[in-house]
Amino acid sequence: METAITPPVDRRFAVPLFSRLRTAKGQANPFPLYAELRSGGGVVAAPWGGHLVTGFDLCDQVLRSREWLEPDTRWREEQGDGTRWTAPSSREMSRTLPALNPPDHTWVRRSAGMFDRASLEDLRGTVGRITGRLLDTLAARLDEGEADFNALVSEELPVATIGHWLGLPTADFARLRDLTHDQVFTQELLPSASQLAKSDAATAQLRAYFMELVRERRARPGDDPVSRWIAVWDTMESDQDKADEGVYFLALFVLLAALETTSTLLSTTTLLLLEHPRQWDRLTVHPDLVPAAVEESLRYDPPTHVISRVCAQDRLLGGVEVRKDEMVHLMVAAAHRDPAKHADPELFNLHRKPAHLAFSGGIHYCLGAPLARLEAQTLLHQLVRRFPRLTLVRRPSWAPRVAFRRLLNLDVALS
């Protein structure tokens, strides 16, 4: 139990850092700003209230402890009208699996029952075939000159994979992908009013889409996850409308979790390797390093830079007092480069022992982590074999976000 109390750092300390983080330059390379933030200590007062956590061990401690909660429906409602937490999209997200706390989280997670070893093996061939087709398209475009790897491959592989798994029409993939890009703004650290409006509109369309899907699968069940979830929820909930809504929230969660962060992982991993040509060349000779390359990418620049939690009761964290219901923002991308955890943390090193928080931790460890790893490793294996001379044409641009990374383009060519 911590007893020593550290005087809080002035909330004004982080104000200029976040102003710079929100610029195009800051979003392209936030890591120097994270280093400045770490200089204020492992726990720093957030300008808007609550705290920012930058130490690796402290972030890990919060994620693994049940004393730190998700900002669930109750917490969001208590923040009052007019806040980002009571926007329609935020209220909707509070009912999805990642925002639930025990006991609700326990039985909803159990009902999901996905991505065990057997289901992953079933998907392995599918992921391989989809990847091969996408790289065929990339090859044809590269024959003509440069190509946008992000648009042709990274954006397509996750939606095709999860769309196949859920049994969704291929014609719907582009729309679902675009809606996901807009919906994620409600999960951002500091969304603007216009971003929240986009998220609200996208969330309403996603609800309509998946509720209709649930109704169709109830009428004509098949051998697919949605049909299986309906059968499971019928044993858990006697009210059919509530059961259908429970299945809808699972389907929504799966889509959002599978698309945005995985697309970013695929592009970021490729970008980092092309930015480090010696590591890329090593991978083409030693493809057994592919899993290590994926793990180091997850450490070096994870798809999610911020994870938020709420304090269950008054306590000390890193010597700083945190009050009940106060929020802490775990700056995991900053923590990944904590020199107390990793030697030479700024070095992109495929031989580093994996240690990162990219998939969260504790009871909220990402259910889709095995699938994300499968997609990334499958893509890298095929990529280094088919395109050993792939090169980066120009630096990419990034979406206007802090918490959830997203490349807008990744232009490549053959040398």
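Just the heavy atoms: all of them, side chains too, but no hydrogens, waters or symmetry mates, feed the values below.
Using cut-offs of 30° and 60° for the angle between ring planes, the Phe18 and Trp48 rings count as perpendicular. A perpendicular orientation is assigned to the rings of Phe359 and Tyr365, their planes being inclined by more than 60° (bins at 30° and 60°). The aromatic rings of Trp233 and Trp107 are tilted relative to each other, their planes meeting at an angle between 30° and 60°.
Between Arg91 and Asp200, none of the side-chain N atoms (NZ, or NE/NH1/NH2) sits under 4.0 Å from a carboxylate O, so this pair counts as no salt bridge. Salt bridge absent: Arg95 and Asp104 never bring a charged side-chain N and a carboxylate O closer than 4.0 Å. Using a 4.0 Å cut-off between charged nitrogen and carboxylate oxygen, Glu36 and Arg20 count as a salt-bridge pair. A salt bridge between Arg218 and Asp244 is present, with a side-chain N of the basic residue lying under 4.0 Å from a carboxylate O of the acidic one. The existence of a salt bridge linking Glu245 and Lys242 is excluded, since no basic side-chain nitrogen approaches an acidic carboxylate oxygen closer than 4.0 Å. Note on Asp223 versus Arg228: salt bridge recorded, some NZ/NE/NH1/NH2 to OD/OE distance being below 4.0 Å. Salt-bridge formation is not detected for the pair Arg177/Glu260: no Lys NZ or Arg NE/NH1/NH2 atom is positioned less than 4.0 Å from an Asp or Glu carboxylate oxygen. With salt bridges taken as basic N to acidic carboxylate O contacts below 4.0 Å, one links Arg74 and Glu78. The existence of a salt bridge linking Asp301 and Arg405 is confirmed by a sub-4.0 Å separation between a basic side-chain nitrogen and an acidic carboxylate oxygen. Looking at Arg373 and Glu295, a side-chain N of the basic residue comes within less than 4.0 Å of a carboxylate O on the acidic one, giving a salt bridge.
Both the sub-6.0 Å distance and the 45° axial angle are not jointly satisfied by Arg278 relative to the ring of Phe348.
Listed for the Arg109 side chain is a donor-acceptor partner under 3.5 Å among the backbone atoms of Ile363.
Heavy atoms from other residues, nucleotides or ligands lying under 6.0 Å from CG of Asp239 number more than 12. Remark: Arg64 CZ is loosely packed, at most 12 non-hydrogen atoms of other residues, nucleotides or ligands lying under 6.0 Å away. For NE2 of His164, the number of neighbouring non-hydrogen atoms (other residues, nucleotides, ligands) closer than 6.0 Å is 12 at most.
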After noting the C-alpha distance and the side-chain angles of Leu176 and Tyr209, does the key distance pass the side chain to side chain contact (heavy atoms under 4.5 Å, CB included) rule? CA-CA 9 Å; Leu176 292 173; Tyr209 179 89; 4.0 Å; yes

Given side chain to side chain donor-acceptor pair (under 3.5 Å), test Gln183 with Thr203 step by step and report yes or no. CA-CA 6 Å; Gln183 200 284 335; Thr203 302; 3.3 Å; yes

Salt bridge (Lys or Arg N to Asp or Glu O under 4.0 Å) between Arg133 and Glu156, intermediate numbers included: CA-CA 11 Å; Arg133 289 198 298 269; Glu156 296 295 333; over 6 Å; no

